[in-house]
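Quick note: residue numbers are just sequence positions, from 1. All ligand and atom numbering here is 1-based and tracks the order in the structure.
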Amino acid sequence: MTDQAATRHLSSQRGTDDPARRRPDATGTGYAHAKAILLGEHAVVYGTPALAVPVHGLGVEARVRPAAEGVHVDSELFAGDAATAPGLLRPVVTALSAALDLVGLASGAQVRILSSLPHERGLGSSAAVAAAVTRAVADLASVELGPDALYKVVQEAERHSHGNPSGLDARAVVADTPIRFQRGRVAPLEVGAATTFVLADSGGAGSTALAVAGVRARLDADRPGVERVFARIAELVEDGAVRLARGDVAALGEAMTEDHRLLAGLGVSNETLDRLVAAALAAGSAGAKLTGGGQGGCVIALAGSEEHADELATALRGAGAARSWTTTVPAA
Ligand code: PMV
């Protein structure tokens, strides 16, 4: 559905028996956090597994209120009628429409988005915003949404923002623990020892849609070659899950750095990302790679400890990172 169609759909379905209309002051709130892909992006689109960790310090809060008519969005990027919102707001508009349908609310809405999660940085911003909006609508309607219902709505929004999403982001932005994902299914990962990661922003936006399309073009041009790369990425993911469970940071790091090289071979790295990975390794990281769609966005580097994370962050900023965040995954 286009932005306009989604908006039309919302404003044309105002029912007199709409619960939201009976509670005009009600506000629904919803939250979702950032994620970082540890291993397996891109290949995951073709059915191989991937590992992701939650980044709890960065997130999106959505507040939804019923409105007499139309859909109004208020965010850092845009404020106004959703029909005229830029493409980046598409996940918001799509999720809102699908969520209102799902919970049986038919009315206009006012949505406020408060986000500390940078967009187009490979951190799952479009999925997080869609999940936050969906949860806010469910909250407004006092409906309990199960994980699969939430996943379905976020996937619909993701399809509008990057075409052929694997579903990894839709699961990862609402998972409280590290996860293994494959073909829509998730399982929590075992973590043998608290593990600290530094995320560093290359400063450039990465379009997931373009990066995914680039890999598709390579697959079409050289299916056996690219399938071999996907198979090796799948092995790294499986090994990575075992190494994380053992708390073997050195071995996990080796898998991450090899994955970065394979992703670079698929054309989804760039000079800045390669420079940041090299800087992390030179500063003693056990392993580093781009994370998410690539061609911009962030790198993720393993740190030996929280103190080492500070040193890594300094080295990464010295190598040109625009900003960085540190996140620790506790043993579980
Ligand atoms: O750039 P992000 O945060 O949307 O992550 C994309 C991950 C890919 O594997 C490249 C695409 C996907 O749908 O899984």
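Close approach of ligand 1 to Glu41 (heavy-atom distance below 4.0 Å) involves ligand atoms 9 (O). In summary, the atoms of ligand 1 found under 4.0 Å from a heavy atom of Ser166, numbered by their order in the structure, are 12 (C), 13 (O), 14 (O). Within ligand 1, counting atoms from 1 as listed, the ones closer than 4.0 Å to a heavy atom of Gly122 are 1 (O), 2 (P), 3 (O). Of all atoms in ligand 1, numbered sequentially from 1 with element shown, those under 4.0 Å from a heavy atom of Gly293 are 1 (O), 2 (P), 5 (O), 6 (C), 10 (C). Of all atoms in ligand 1, numbered sequentially from 1 with element shown, those under 4.0 Å from a heavy atom of Pro165 are 13 (O). If you number the atoms of ligand 1 from 1 as listed, the ones under 4.0 Å from a heavy atom of Val44 come out as 9 (O), 14 (O).
When hydrogens are left out, the protein atom nearest atom 11 (C) of ligand 1 is Val45 CG2, 3.7 Å; that is the closest non-hydrogen contact. Looking from atom 2 (P) of ligand 1 to the surrounding protein, the closest heavy atom is Asp169 OD2, 3.4 Å. Residue, atom and distance of the protein heavy atom nearest to atom 9 (O) of ligand 1 are His42 N, 2.9 Å.
Counting only heavy atoms from C-beta outward, the side chains of Ser97 and Thr94 never approach each other to under 4.5 Å.
Under a 4.0 Å N-O distance rule, the pair Arg171/Asp148 qualifies as a salt bridge. A salt bridge links Glu238 to Arg180: one of the charged nitrogens lies within less than 4.0 Å of a carboxylate oxygen.
Hydrophobic clustering (ILVMFWY, side-chain heavy atoms < 4.5 Å, transitive): Tyr31 and Leu114 are in distinct clusters.
The neighbour count for Arg323 CZ, taken as heavy atoms of other residues, nucleotides or ligands under 6.0 Å away, is above 12.
Inclusion of Gly124 in the set of residues having an N or O under 3.5 Å from an N or O of ligand 1 is warranted.
Ile37 counts as a contact of ligand 1, since one of its heavy atoms falls under 4.0 Å from the ligand.
The side chain to side chain contact (heavy atoms under 4.5 Å, CB included) test with His33 is passed by exactly one of Leu123, Leu58, Asp176, Val55: Asp176.
For the pair Ala200 and Leu276, the tightest heavy-atom approach, listed with the atom from each and the gap, is O-CD1, 4.4 Å.
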Let me see the working for Arg218 and Asp222 under salt bridge (Lys or Arg N to Asp or Glu O under 4.0 Å), right down to the final yes or no. CA-CA 6 Å; Arg218 280 177 190 247; Asp222 173 18; over 6 Å; no

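Contacts with ligand 1 closer than 4.0 Å are made by backbone heavy atoms (N, CA, C, O) of Leu123 only, the side chain lying farther away. Residue-level proximity to ligand 1 for Lys35 is carried by the side chain, the only part with a heavy atom below 4.0 angstrom.
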